[in-house]
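Below is one structure, written out as structure tokens; the observations come after it.
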Amino acid sequence: MADKARVTLGLTHPGPSNAPKITFVAKDLDVLEWNGDLVAVGVREKDVEKDEAGHFKNPLLYQLDEALGGLLGEASSEEDFSGKSAQSLVLRVSGLKFKRVGLFGLGQSACSAATFVGLGEAIAAAAQASRAASLALSLAFSEDLSAESKPGIASAIALGIVNGIFDDNRYKSNPKMTVLQLVDVLGLGFGPNMEKKLKYAEYVSSGVVFGKELVNSPANILTPGQLAGEVLKITHKYNDVLSAKIFNEEEIIEMKMGSYLGVTAAATANPPHFIHLCYKPLGGSVSTKLGLVGKGITFDSGGYNLKTGANSNIETMKNDMGGAAAIFGAAKAIAELKPPGVEIHFVVAACENMISATGMRPSDIVTASNGKTIEVNNTDAEGRLCLADALIYTCNLGVEKIIDLATLTGACITALGPSVAGAFTPNEELAKEVLAAAERSGEKIWRLPMEESYWESMKSGVADMINTGPGQGGAITAALFLKQFVDENVQWMHLDIAGPVWNTKKSVATGFGVSTLVEWVLKNSS
């Protein structure tokens, strides 16, 4: 399914994936007996407190400091290490079985999944900097934790380590490979439940990495056809539970998806591909049907409402398929986990939003597959046009609940900043489910209102609706637009992930959404 642009533009081909291959093992072993490169210890502020003699009060830190002849205590004082969040202290040591010891601050308390994912990312940075092939993970306060919480905490840290260590170097001429291969988890227990949660982290992180690779790939590589090709690859790999249908332009016309076709059919050399991936559990028994819909604009120029100026971010618009990447990353993880009793439909209307003499113009009217008409007053609000037909299609599959994910509005970034996704739903039960899943996964989602009175601003004088409202409340009016294409009997949530899908400091994808979706699916499985 390679499109013409992939063959002719730039002569660039991605190298092999640098997806980390790390083994996580829980062991019943004293830290000082561990043999390897880096001992990493998570600490709270109170764990770093010292007595009048200058000794650590915390038993683990006292033990390490004694073995190091007081070096750890001296260094923490000299470098003003107090265990605050994001602080770290890494020392090269001698005379012990390990080469380095590091303390990583968690602040005053450590109780959320996001905190432990962040700890894993910080440890990964230290491991990468020291070229560590092995590390031991421990928490100075493990004795304060309940036995039930420890596997989940270990899993969150493991997920953070993989996220932090992954370096997508497929497009570099001299890529450096990941060195870290082994992580031993010490002091948090061991046994079947711990092994299961560490394996869970491995599967979810593989989905996150897959999602990152999709978003990081430039538009001359990841065309709509190539995105469909990547989906077919994972379908082939997990053909015991996954199947896929890829619809071409002629078939999309037959399905009367005029809203979707208006964006892409006449404006680009790379044709649209409507992707329907399906997960069915082993054994075939299904009690719940779910739908996951992702925005899949592989490049967004804005169309005739061209993105211009220093703040248009047109150079990052390869990430406008971040919603599609999230659901396909989740699909990969789910295919590994194989949850029972749940059937899941992953749907993406993939295309580009480009400029052409035959392309969509402001004031054009398009007709969605449910017959509703839309006056296009802004060609740069194209994602919702594609999502409209994708949502109609998904509702017709008989699903009970739908979550759509989309890099939809700059307004949501203005409201919540770059790290938090906006959630919109009229359904209280679904809101609780998804927000709880996000809390367990360590991803940040905030519910925003669906102010129905704003719909008045979305009415057209010549069609059923326009595709953008006034400048105020743009994220809300976008959600209200999508609502017009969802069956009343289907529980639905829209997640605007425009901010957290992209790390602006590093100019790379984050893989946002994968972890939350997997958690949500598992809670809906039987």
Side-chain angles (χ1 to χ4, degrees), residues 18-26 38-44 83-88 90 102-107 109-130 132 134-142 145 149-168 178-188 194 197-212 326 329 333 419 437-445 500-501 503 505-506 508-519:
N18 189 33
K21 296 178 175 62
I22 303 172
T23 301
F24 291 88
V25 182
L38 170 65
V39 168
V41 183
V43 298
R44 304 165 300 187
K84 291 181 179 178
S85 179
Q87 276 191 320
S88 63
V90 180
L103 304 183
F104 299 85
L106 293 167
S109 63
C111 56
S112 70
T115 298
F116 291 113
V117 171
L119 171 62
E121 291 172 347
I123 291 171
Q128 193 84 319
S130 63
S134 60
L135 70 84
L137 163 66
S138 187
L139 297 177
F141 51 93
S142 60
L145 301 171
S149 69
K150 289 179 179 179
I153 290 171
S155 180
I157 299 172
L159 181 59
I161 288 174
V162 177
N163 284 348
I165 211 78
F166 173 61
D167 176 26
D168 191 356
T178 300
V179 174
L180 185 63
Q181 297 178 334
L182 174 67
V183 176
D184 288 328
V185 181
L186 309 182
L188 290 175
M194 176 65 79
K197 291 298 289 185
L198 290 175
K199 184 62 70 173
Y200 171 83
E202 176 187 331
Y203 292 151
V204 174
S205 63
S206 74
V208 172
V209 166
F210 180 55
K212 287 182 177 183
S419 301
E439 181 69 23
R440 293 192 301 272
S441 74
E443 295 184 322
K444 297 176 182 178
I445 296 175
V501 80
N503 184 324
K505 291 182 180 179
K506 297 181 179 179
V508 293
T510 63
F512 185 91
V514 174
S515 298
T516 294
L517 293 181
V518 175
E519 283 282 352

- Task: Using atom types as modelled and distance alone, determine if a side-chain donor or acceptor of Thr516 lies under 3.5 Å from a backbone N or O of Gly513.
- Result: no

The residue among Val501, Asp168, Asn163 that forms side chain to side chain contact (heavy atoms under 4.5 Å, CB included) with Lys212 is Asn163

Value for CE (Met194) from NZ (Lys199), rounded to nearest 0.5 Å, stands at 14.5 Å

CD1 (Ile445) and CZ (Phe512) are apart, to the nearest 0.5 Å, by 4.5 Å

One should read off an interatomic distance between Ile157 CD1 and Leu119 CG, to the nearest 0.5 angstrom, of 5.0 Å

Scanning both residues in full, the closest heavy-atom pair of Val204 with Val514 reads O-CG1, 4.2 Å

Smallest heavy-atom separation, Ala126 atom then Val90 atom, equals CB-CG2, 4.1 Å

Phe104 and Ser88 have their tightest heavy-atom pair at CD2-CB, 3.8 Å

Applying side chain to side chain contact (heavy atoms under 4.5 Å, CB included) to Ala333 and not counting sequence neighbours gives Val518

Across all chains, not counting sequence neighbours, the side-chain hydrogen bond (donor to acceptor under 3.5 Å, both in side chains) partners of Tyr200 are Glu519

Shortest non-hydrogen pair, Thr510 vs Pro500, comes out as OG1-O, 2.5 Å

**Item:** Heavy-atom check, side chain of Phe210 versus side chain of Val208, under 4.5 Å
**Value:** no

The reported gap from OG in Ser205 to CD1 in Ile22 (rounded to nearest 0.5 angstrom) is 8.0 Å

CG of Asp167 to NZ of Lys506, rounded to nearest 0.5 Å, is 9.5 Å

Hits for side-chain hydrogen bond (donor to acceptor under 3.5 Å, both in side chains) against Lys21, two or more places apart or cross-chain, chain-then-number order -> none

Taken in chain and number order and not counting sequence neighbours, the residues that satisfy salt bridge (Lys or Arg N to Asp or Glu O under 4.0 Å) with Glu121 are none

Item to complete: Could you go through the side-chain contact (heavy atoms from CB on, under 4.5 Å) check for Ile153 and Leu139 one step at a time?
Response: CA-CA 10 Å; Ile153 290 171; Leu139 297 177; 3.9 Å; yes

Taken in chain and number order and not counting sequence neighbours, the residues that satisfy salt bridge (Lys or Arg N to Asp or Glu O under 4.0 Å) with Lys84 are none

**Item:** Any donor-acceptor N/O pair, Thr115 side chain to Cys111 backbone, under 3.5 Å
**Value:** no

All heavy atoms of Ser515 vs all of Leu159, minimum pair found to be OG-CD2, 3.6 Å

Hey, can you pull the donor-acceptor pairs under 3.5 Å for the side chains in residues 179-188, sequence neighbours left out?
| unit_1 | atom_1 | unit_2 | atom_2 | d |
| --- | --- | --- | --- | --- |
| Asp184 | OD2 | Lys27 | NZ | 3.3 |
| Asp184 | OD2 | Trp34 | NE1 | 2.7 |

Handout entry: Side chains of Leu198 and Val25 in contact at under 4.5 Å (non-hydrogen atoms)
Key = no

Next on the checklist: For a side-chain contact (heavy atoms from CB on, under 4.5 Å) check, start with the C-alpha distance between Leu137 and Phe24, then their side-chain angles and the critical distance, and finish with the verdict.
Outcome noted: CA-CA 10 Å; Leu137 163 66; Phe24 291 88; over 6 Å; no

Taking every heavy atom of Ala113 against every heavy atom of Gly442, the minimum-distance pair comes out as CB-N, 3.7 Å

> Between Leu106 and Val43, does a side-chain contact (heavy atoms from CB on, under 4.5 Å) hold up when you go through it step by step?
Replying inline: CA-CA 6 Å; Leu106 293 167; Val43 298; over 6 Å; no

ask   = Counting distance only, does the side-chain N/O of Ser155 pair as donor-acceptor with the main-chain N or O of Gly152 below 3.5 Å?
value = no

